[in-house]
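In what follows, every heavy atom counts, from backbone to side chain, and hydrogens, waters and symmetry copies are set aside. If you're wondering where the values come from, they're calculated on a predicted model, not measured in any experiment. Residues: numbered from 1 along the sequence shown.
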Amino acid sequence: MPFKHNAARRHRIGKMKFKVTNWPEYEAGLRRRGGLTLWITPEALWSWLAPKRTTRGGQPRYSDLAIETTLTLGLVFGLRLRQTEGLLTSVLQLMGLDLAVPDHTTFSRRASTWRSSDVRQGRRIPGAGPVHVLVDSTGLEIYGAGQWLEEKHGARSRRGWRKLHLALDADSGEIIAHAMTDQDTGDASQVEPLLDQIEVPVGQFTADGAYDGKPSYDAVTKHSADAAVVIPPRANAVDRSDTQSASQRDRHIASIDTDGRMKWQVAAGYGKRSLVETAIGRYKSIIGRRLRARSFRAQQTEVAIACATLNRMLACARPESVRCKTATA
């Protein structure tokens, strides 16, 4: 990796500087992100209450749209369920709308059974061409005993966490697929589930070395036969193109052996992968590093709503930056 390759002389390398070219529009969009102005369409008002159930069982009072709206407000403003209930009640009163607000116990219960009206938030418009997919994963903390209790009682337990897998559109920056698993699930095993959520063809698939292996290449080829797969092979990878037809991985190994890993990264466009790391940083800075829900199904709902919320925020404001060129003597 470049940052590891230059670690010994990092202090002598000047930091790249970028300039935002659309600062007025970007600044206005950032202000809109924190606005409390809500616009509820007549269709949303009619869909606030759940439709009459035709099968056996209890009749739900609130629709999934009402639950999604409330949970979205709680995630955006960092509120717990009780505070979210109070916020929505105040907002509806200020708007003069006579709508019942679900209580916090209803939020907690319905989050485990919530279904999105559009599971592929931020997907590309059909006919826009192949998409460049960037994939990475990160860990999210879950509810559990804190360090103070462990130190007080002397019990050393392994901190639990969940693993969030994201697929990003390199051109638009939107999250086009996501999955949440337990901490023991491998990254490469989630390539196919992520690609199943993408309806458009994949032009290029870029991921880090954790996804290196035949299963990842086969999953991408199964989804889009002509897709280019850019995954850095392991340091001890062996080129087997002499014994069989050269695969994409064999060509990557041969290119690294000939020109070096850094030149291969530039030629293959591997630097684009930093965008998905930026998206992960955006998730943790806006939504948080810790999951609020306690059950696994409710945590999946929380992640799905959080990804849709980030896509909407990105649509409001996205910087367009160019690298500043420094004059050399």
Should [X] and [Y] be counted in the same cluster of Ile, Leu, Val, Met, Phe, Trp and Tyr side chains packed under 4.5 Å apart?
| X | Y | answer |
| --- | --- | --- |
| Ile280 | Ile287 | yes |
| Met95 | Tyr62 | yes |
| Leu314 | Phe77 | no |

Donor-acceptor pair, side chain of [X] and main chain of [Y], under 3.5 angstrom:
| X | Y | answer |
| --- | --- | --- |
| Glu192 | Ala219 | no |
| Thr106 | Pro102 | no |
| Arg249 | Pro233 | no |
| Gln197 | Ala177 | no |
| Ser216 | Asp212 | no |
| Ser285 | Arg282 | yes |
| Ser137 | Asp187 | no |
| Arg53 | Arg56 | yes |
| His223 | Ile198 | yes |
| Ser108 | His104 | no |

Spacing of [atom1] belonging to [X] relative to [atom2] belonging to [Y], to within rounding of 0.5 Å:
| X | Y | atom1 | atom2 | value |
| --- | --- | --- | --- | --- |
| Leu79 | Thr84 | CG | OG1 | 4.5 Å |
| Tyr283 | His178 | OH | NE2 | 8.5 Å |
| Thr70 | Ile305 | OG1 | CD1 | 9.0 Å |
| Asp259 | Ile256 | CG | CD1 | 10.0 Å |

| message | For Thr309 versus Val76, what's the shortest heavy-atom pair and its separation? | response | CG2-CG2, 3.4 Å

| request: Please report the shortest heavy-atom distance between Thr301 and Ala111, naming the atom on each side. | output: OG1-O, 2.5 Å

Side chains of [X] and [Y], heavy atoms from C-beta outward: is any pair under 4.5 Å?
| X | Y | answer |
| --- | --- | --- |
| Leu168 | Ile176 | no |
| Leu75 | Arg292 | yes |
| Asp171 | Val131 | no |

| task | Apply side chain to side chain donor-acceptor pair (under 3.5 Å) to the pair Asp182 and Thr185, showing each step before the final yes or no. | result | CA-CA 6 Å; Asp182 55 27; Thr185 302; 2.6 Å; yes

| query | Thr138 and Lys284: side-chain donor and acceptor closer than 3.5 Å? | reply | yes

| task | Applying side-chain contact (heavy atoms from CB on, under 4.5 Å), run through Met180 and Phe296 and close with a yes or a no. | result | CA-CA 9 Å; Met180 193 186 69; Phe296 185 74; 3.7 Å; yes

| Should we say atom CZ of Arg33 is surrounded by more than 12 heavy atoms from elsewhere, each under 6.0 Å from it? | yes

| request: Anything under 30° is parallel, anything over 60° is perpendicular, the rest tilted; go ahead and classify Tyr217 against His252. | output: tilted

| task | Take Phe205 and Leu134, measure what side-chain contact (heavy atoms from CB on, under 4.5 Å) needs, and give me the verdict at the end. | result | CA-CA 6 Å; Phe205 179 91; Leu134 310 173; over 6 Å; no

| message | With side chain to side chain donor-acceptor pair (under 3.5 Å) as the criterion, how do Thr206 and Gln204 come out once you've worked through the C-alpha distance, each side chain's angles and the decisive distance to 0.1 Å? | response | CA-CA 6 Å; Thr206 304; Gln204 180 172 326; 3.1 Å; yes

| query | Which is it for Val135 and Val276 under the side-chain contact (heavy atoms from CB on, under 4.5 Å) test, yes or no, and what are the steps along the way? | reply | CA-CA 7 Å; Val135 174; Val276 68; over 6 Å; no

| Quick one: which of Gln299, Glu141, Gln300 gives a side-chain hydrogen bond (donor to acceptor under 3.5 Å, both in side chains) with Arg162? | Gln299

| request: Could you walk me through whether Glu85 and Phe107 pass the side-chain contact (heavy atoms from CB on, under 4.5 Å) test, one step at a time? | output: CA-CA 9 Å; Glu85 177 186 351; Phe107 297 149; 4.0 Å; yes

